[in-house]
Trainee: 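Can you read through this structure? Questions will come right after.
We're numbering straight along the sequence, starting at 1.
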Amino acid sequence: MRTQTMRLRCDLPAHNSVRYTSRNQVKMKTPTTKLMFDLPAHNSVPDKYIMPAEKRPRRHELVDDGLSVALPVVDLKKGRPQVARDILEAGKEFGFFQVVNHGVGEDVVQGFREVAAEFLRLPEEAKLEYYSEDQSKAFRVISGCITSHKLMNEWPTQPEIFRERLANYSVAVQELAWKLLRLIAEELGLDDHNFFKGDLTGGETLMNVHYYPLCPDPNLTMGVRPHSDRYIITVLSQGDVGGLQAKIGGRWIGVEPIHNAFVINFGLQMEINQRASCKRGAPGGNQLC
């Protein structure tokens with residue numbers, strides 16, 4: 001059975017967008033299927049995406065009283081012992097943190113974000129060549145999302161520099177993920193070089209790119225439903241547009257973007273493998289939206 005143990009995620013929201021629009025998982029039956037990337041902007045939320053009032057976030061769950069809780073920010077330029085402590089404390093308390101001075105070049109991040117956006121601007125016919133709901137595909141496009149695995153020879157050749165920039169980004173961010181896992185193992189008194197190797201992280205690294213168009217009325221709907229990541233660790237490039245939320249202690253808080261930072265989420269496998277040393281997103285626990 002193929003497993004996926006790391007997830008690299010890059011969000012490409014439209015300017016001033018919020019992440020409440022639903023992702024329409026359309027099955028491609030004809031070449032004229034519309035992808036979310038190519039749909040015109042809506043002036044109102046389509047009826048099929050309006051959530052029943054009882055399923056929308058309740059006011060008491062939202063942090064809107066000026067007392068918003070900020071996710072911890074871990075600076076990798078600090079001394080190694082302090083960084084390791086900061087990561088584990090953030091994991092125990094929140095299950096999430098943001099990391100800065102992480103060593104991934106801003107040119108690498110921006111370069112990939114730019115070429116991914118350029119791919120989304122290609123004619124719809126070009127993108128539909130990669131449309132698939134088969135999760136075994138090395139590269140596939142679904143409505144609102146691009147996913148890819150490691151097989152570079154199956155990645156798009158257009159835009160011309162897409163493969164190069166995706167490879168550069170994937171390698172750099174995966175190296176960051178491994179650095180964080182080694183620090184976690186070290187702080188737990190485990191073998192920092194070998195504990196997360198082998199079967200524990202022997203699965204694939206999944207790369208997602210999500211596109212979020214403008215939402216005309218975020219009070220009526222949600223985008224990505226509240227969920228927990230099943231992977232050991234997720235590394236998210238949020239960009240400079242807000243909208244990401246995390247549920248901490250029963251309340252949804254906005255994750256304010258920090259320039260050139262990554263949001264780190266400890267997934268379900270992290271808690272299982274660390275004997276509940278770290279929190280993870282789960283029903284009643286911490287979640288992402």
Side-chain angles (χ1 to χ4, degrees), residues 3-13 19 71-77 83-84 86-87 90-91 95-120 138-140 145-152 154-156 159 161-185 192-193 196-197 200-212 224 229-241 244 246 255 257-267 269-270 281 288:
T3 60
Q4 294 168 341
T5 53
M6 291 187 192
R7 184 182 181 207
L8 315 180
R9 178 174 153 189
C10 178
D11 285 354
L12 295 174
R19 295 179 175 88
L71 290 187
V73 178
V74 175
D75 186 346
L76 291 192
K77 275 194 172 180
V83 170
D86 289 348
I87 291 172
F96 311 99
F97 61 92
Q98 297 202 63
V99 62
V100 297
N101 292 318
H102 40 66
V104 181
E106 186 172 359
D107 58 331
V108 173
V109 178
Q110 288 304 118
F112 175 63
R113 295 181 69 88
E114 289 168 5
V115 79
E118 188 177 343
F119 175 83
L120 297 181
F139 184 95
R140 66 193 183 102
C145 179
I146 303 170
T147 66
S148 86
H149 302 281
K150 287 184 177 180
L151 300 177
M152 185 184 295
E154 296 187 38
W155 293 350
I161 55 174
F162 186 88
R163 289 185 176 184
E164 176 187 345
R165 290 191 177 180
L166 173 55
N168 291 343
Y169 179 85
S170 297
V171 168
V173 178
Q174 191 168 18
E175 286 178 357
L176 169 62
W178 276 111
K179 182 186 297 184
L180 297 173
L181 290 175
R182 286 194 295 268
L183 286 164
I184 292 167
D192 59 321
H193 288 289
F196 284 107
K197 290 185 177 180
L200 195 56
T201 54
E204 295 179 338
T205 296
L206 176 65
M207 171 74 184
N208 291 126
V209 180
H210 294 282
Y211 170 77
Y212 299 89
V224 181
D229 283 352
R230 65 182 184 272
Y231 315 96
I232 283 184
I233 192 170
T234 295
V235 183
L236 165 65
S237 172
Q238 185 180 2
D240 295 326
V241 178
L244 178 68
V255 180
I258 297 176
H259 182 68
N260 203 35
F262 288 100
V263 178
I264 308 300
N265 176 19
F266 289 172
Q269 293 182 48
M270 178 67 78
L288 278 176

Trainee: Would you check if Phe112 and Asn168 make a side-chain contact, meaning some heavy-atom pair closer than 4.5 Å?
Mentor: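 Of all side-chain heavy-atom pairs linking Asn168 with Phe112, none is under 4.5 Å.
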Trainee: Please name all residues satisfying side-chain contact (heavy atoms from CB on, under 4.5 Å) with Glu175, sequence neighbours left out, ordered by chain then number.
Mentor: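 Glu175 satisfies side-chain contact (heavy atoms from CB on, under 4.5 Å) with Val171 only.
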Trainee: List the steps and the verdict of side chain to side chain contact (heavy atoms under 4.5 Å, CB included) for Val83 and Asp75.
Mentor: CA-CA 7 Å; Val83 170; Asp75 186 346; over 6 Å; no
Trainee: Suppose we screen for side chain to side chain donor-acceptor pair (under 3.5 Å). Which residues come up paired with Asp86, at least two apart in sequence or across chains?
Mentor: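 Only Gln82 meet the side chain to side chain donor-acceptor pair (under 3.5 Å) criterion with Asp86.
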Trainee: Using a 3.5 Å distance criterion without hydrogens, assess whether the side chain of Arg163 forms a donor-acceptor pair with backbone atoms of Trp155.
Mentor: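 Pair found, side chain donor or acceptor close to backbone of Trp155.
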Trainee: Could you check whether any side-chain heavy atom of His210 comes within less than 4.5 Å of a side-chain heavy atom of Asn208, counting everything from C-beta outward?
Mentor: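 Yes, close enough: below the 4.5 Å cut-off.
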Trainee: Find out whether Thr234 and Phe266 are in side-chain contact, i.e. whether some heavy atom of one side chain is under 4.5 Å from a heavy atom of the other.
Mentor: no
Trainee: Any chance you could measure Cys145, atom SG, to Tyr211, atom OH, to the nearest 0.5 Å?
Mentor: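 One gets 13.5 Å once the value is rounded to the nearest 0.5 Å.
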Trainee: If you take all heavy atoms of Glu154 and Ala138, which pair is closest and at what distance?
Mentor: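 The answer is OE1-CB, 3.6 Å.
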Trainee: Given side chain to side chain contact (heavy atoms under 4.5 Å, CB included), test Gln98 with Val74 step by step and report yes or no.
Mentor: CA-CA 6 Å; Gln98 297 202 63; Val74 175; over 6 Å; no
Trainee: Not counting sequence neighbours, which residues clear side chain to side chain donor-acceptor pair (under 3.5 Å) with Asn260? List them please.
Mentor: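 Per chain and number, Asn260 pairs via side chain to side chain donor-acceptor pair (under 3.5 Å) with no residue.
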Trainee: Measure the spacing between CD1 of Ile233 and CD1 of Ile264 and express it to the nearest 0.5 Å.
Mentor: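 Answer for the CD1-CD1 pair, Ile233 versus Ile264, is 5.5 Å.
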Trainee: Could you give the distance from CD1 (Ile184) to CG (Leu180), rounded to the nearest 0.5 Å?
Mentor: 6.5 Å
Trainee: In Å and rounded to the nearest 0.5 Å, what is the CD to OH distance from Gln110 to Tyr169?
Mentor: 10.0 Å
Trainee: Quick one: CG on Leu166 to CE on Met207, what's the gap to the nearest 0.5 Å?
Mentor: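 It is 5.5 Å, given to the nearest 0.5 Å.
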Trainee: Find out whether Gln174 and Val235 are in side-chain contact, i.e. whether some heavy atom of one side chain is under 4.5 Å from a heavy atom of the other.
Mentor: no
Trainee: With a 4.5 Å cut-off on side-chain heavy atoms, are Phe139 and Ile146 touching?
Mentor: yes
Trainee: Under the side-chain contact (heavy atoms from CB on, under 4.5 Å) test, which residues partner Pro72, sequence neighbours left out?
Mentor: Ala90, Phe94, Phe97
Trainee: Decide side chain to side chain contact (heavy atoms under 4.5 Å, CB included) for Val109 and Phe262; before the verdict, give the C-alpha distance in whole Å, the side-chain angles of both, and the deciding distance to 0.1 Å.
Mentor: CA-CA 10 Å; Val109 178; Phe262 288 100; 3.8 Å; yes
Trainee: Rounded to the nearest 0.5 Å, what separation is found between the CG atom of Leu76 and the NE2 atom of His102?
Mentor: 8.0 Å
Trainee: Not counting sequence neighbours, which residues clear side-chain contact (heavy atoms from CB on, under 4.5 Å) with Ile161? List them please.
Mentor: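 So Ile161 forms a side-chain contact (heavy atoms from CB on, under 4.5 Å) with Val115, Glu164, Arg165.
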